[in-house]
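Presented below is the structure to which this report refers.
By convention here, the first residue in the shown sequence is residue 1. Heavy atoms only: backbone and side chains are in, while hydrogens, waters and symmetry mates are out.
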Amino acid sequence: MDYQDIIKDWKQKKFKSLYWLEGDEDFFIDQVVNYAEHHLLEEAEKGFNLTVLYGKDTDWSTVINACRRYPMFAERQVVVLKEAQAMRDLLKLEAYIDNPLNTTVFVVAHKQGKIDGRSKMAKLIKEKGVLLSTKKLYDNQLPAWTEGYVTSRGLAISQKAAILLVDHIGNDLSRIANEIDKLLVNLPDKKKIDESDIEKYVGISKEYNVFELQNALGQKNATKVYKIISYFAANPKAAPMQMMLPALYNYFSKMSLVFVVKGGEKDIAAALGVHPFFVKDYIGAARNYGPEATDRAILLLHHYNLRSIGINDSGVEDGELLKELMYKIMA
């Protein structure tokens, strides 16, 4: 069961006594917790029947006492335990989980990790309630997730716009969702988000970004490469070097797979973990570089990443480092 399934059940008035939310992806946990806090009870019911506790500020007896209360003037009460991972005596909740009250909806948010799946408590959670175990998406899953989130909000987004947004923000679903929600406010009459919308409302240049730099490098278009990095040098906040170098390293690492994958474009797309729409770009770039130059580019990116944080470097500005790196990659 994923977070959307839980919320769907709640909308249909289907409730369990316990919802244990754990793992490394805060966004999915926050979505469930937010819905529990704001939508499971009517506004008039919340004063008596909504309890929100924080693991670092509470103890097991307070939590259990809250869960064992009966609802007042409502069918159910809601108890939310946030930051459960910070609660020192968390395992003492085992007694309540073994025998929960069916008029209480108990929602536990245990972020940045999981309880031991071999423990008695973990087995009780699975037996008595609903377990949502989350994990960070892989970088290659982010564009598809972004497209899906936009669709769920009643809009569409071009593939390039989704890539542009993800490349700028990185693996932070909450920030991606927030930017999309802001776009919805600014684009009430539009059906599809494109690169121009990202540029205007998110503040990412559709012409000067890491995505365009990758394409220019892949094509060995020196004029465009130096135009983009000159813009970055003049606007260091637009693409900080510590954000850019890992993206380029990932790009050339994927390109190196083109030389070893057997099969057609679909096979290459699967191996690279990219949308088939972009496979031709990787194949073209691989032809332009060849295996040896691709491996050299990966080593150069590693070397310049160390220099960018001051290792074996005499304090050269990031802009100059970038120009030097681009020249060596395309040489």
Side chains of residues 324-331: which donor-acceptor partners sit under 3.5 Å, not counting sequence neighbours?
unit_1	atom_1	unit_2	atom_2	d
Glu324	OE2	Tyr304	OH	2.4
Glu324	OE2	Arg307	NH1	2.8
Lys328	NZ	Tyr304	OH	3.0

Pairs touching residues 260-281 that satisfy salt bridge (Lys or Arg N to Asp or Glu O under 4.0 Å), sequence neighbours left out: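 Listed by first then second residue: nothing to list.
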Please, which pairs that meet salt bridge (Lys or Arg N to Asp or Glu O under 4.0 Å) have at least one residue in residues 93-112, sequence neighbours excluded?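 For residues 93-112, and leaving out neighbouring residues, the salt bridge (Lys or Arg N to Asp or Glu O under 4.0 Å) pairs sorted by first residue read Asp30-Lys111, Glu94-Lys120.
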Assess, by modelled atom type and distance only, whether the side chains of [X] and [Y] contain a donor and an acceptor separated by less than 3.5 Å.
| X | Y | value |
| --- | --- | --- |
| Ser133 | Lys114 | yes |
| Ser308 | Gln242 | yes |
| Gln12 | Trp10 | no |
| Arg69 | Thr51 | yes |
| Asn221 | Tyr226 | no |

Linking directly or through intermediates, with side-chain heavy atoms under 4.5 Å: list the remaining ILVMFWY members grouped with Met72, chain and number order.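 ILVMFWY cluster around Met72 also holds Phe48, Phe73.
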Side chain proximity check, Ile97 to Trp20, heavy atoms < 4.5 angstrom: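 In short, these two side chains touch, coming nearer than 4.5 Å.
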Do Ile176 and Tyr149 come close enough that some side-chain heavy atom pair is under 4.5 Å?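 No, too far: nothing below the 4.5 Å cut-off.
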Determine, for [X] against [Y], whether the closest basic-nitrogen to carboxylate-oxygen distance falls under 4.0 angstrom.
| X | Y | value |
| --- | --- | --- |
| Lys224 | Glu212 | yes |
| Asp9 | Lys13 | no |
| Glu25 | Lys136 | yes |

Which atom names give the shortest non-hydrogen contact between Ser17 and Asn102, and what distance separates them?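 Scanning both residues completely, I find the closest heavy atoms to be OG-CA, 3.5 Å.
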Which atom pair, heavy atoms only, marks the closest approach of Ala109 to Ile29?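 Here Ala109 and Ile29 meet closest at CB-CG2, 3.8 Å.
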Set out, in order, the CA-CA distance, both residues' side-chain angles and the distance that settles side chain to side chain contact (heavy atoms under 4.5 Å, CB included) for Asn186 and Leu183, then state yes or no. CA-CA 5 Å; Asn186 287 298; Leu183 283 165; 5.7 Å; no
Looking at Asp116, is its backbone amide N or carbonyl O close enough to the side chain of Ser119 to form a donor-acceptor pair, meaning the two atoms are under 3.5 Å apart?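 Present.
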N/O donor-acceptor pair under 3.5 Å between Tyr96 side chain and Leu101 backbone: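 Answer holds: yes.
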To the nearest 0.5 Å, tell me how far Leu322 CG sits from Met241 CE.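 The CE atom of Met241 is 4.5 Å from CG of Leu322, to the nearest 0.5 Å.
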As an exercise, state the distance from CG of Leu18 to CZ of Phe106, rounded to the nearest 0.5 Å.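 So the gap between those two atoms works out to 7.0 Å.
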Just to verify, what does His303 make a ring-ring contact (aromatic ring centres under 6.0 Å, His included) with, not counting sequence neighbours?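 Testing His303 for ring-ring contact (aromatic ring centres under 6.0 Å, His included), a comparison that skips the adjacent residues, returns none.
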For side chain to side chain contact (heavy atoms under 4.5 Å, CB included), just list the numbers for His168 and Val210, CA-CA rounded to whole Å, side-chain angles, deciding distance to a tenth of an Å, and then say yes or no. CA-CA 8 Å; His168 176 71; Val210 177; over 6 Å; no
With hydrophobic residues grouped by side-chain heavy-atom distances under 4.5 Å, do Ile229 and Leu217 end up in a single group?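 In one cluster: yes.
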All N/O donor-acceptor pairs, side-chain side in residues 245-258, below 3.5 Å, sequence neighbours left out:
unit_1	atom_1	unit_2	atom_2	d
Tyr251	OH	Gln214	O	3.4
Ser253	OG	Tyr249	O	2.7
Ser256	OG	Ser253	O	2.5

Pair Trp145 and Tyr138, ring centroids less than 6.0 Å apart: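 Centroid separation for Trp145 and Tyr138: 6.0 Å or greater.
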Could you walk me through whether Ser158 and Glu195 pass the side-chain hydrogen bond (donor to acceptor under 3.5 Å, both in side chains) test, one step at a time? CA-CA 8 Å; Ser158 71; Glu195 304 96 276; 3.3 Å; yes
Does the side chain to side chain contact (heavy atoms under 4.5 Å, CB included) test come out yes or no for Tyr289 and Lys220, once each step is laid out? CA-CA 9 Å; Tyr289 281 86; Lys220 287 197 171 182; 3.5 Å; yes
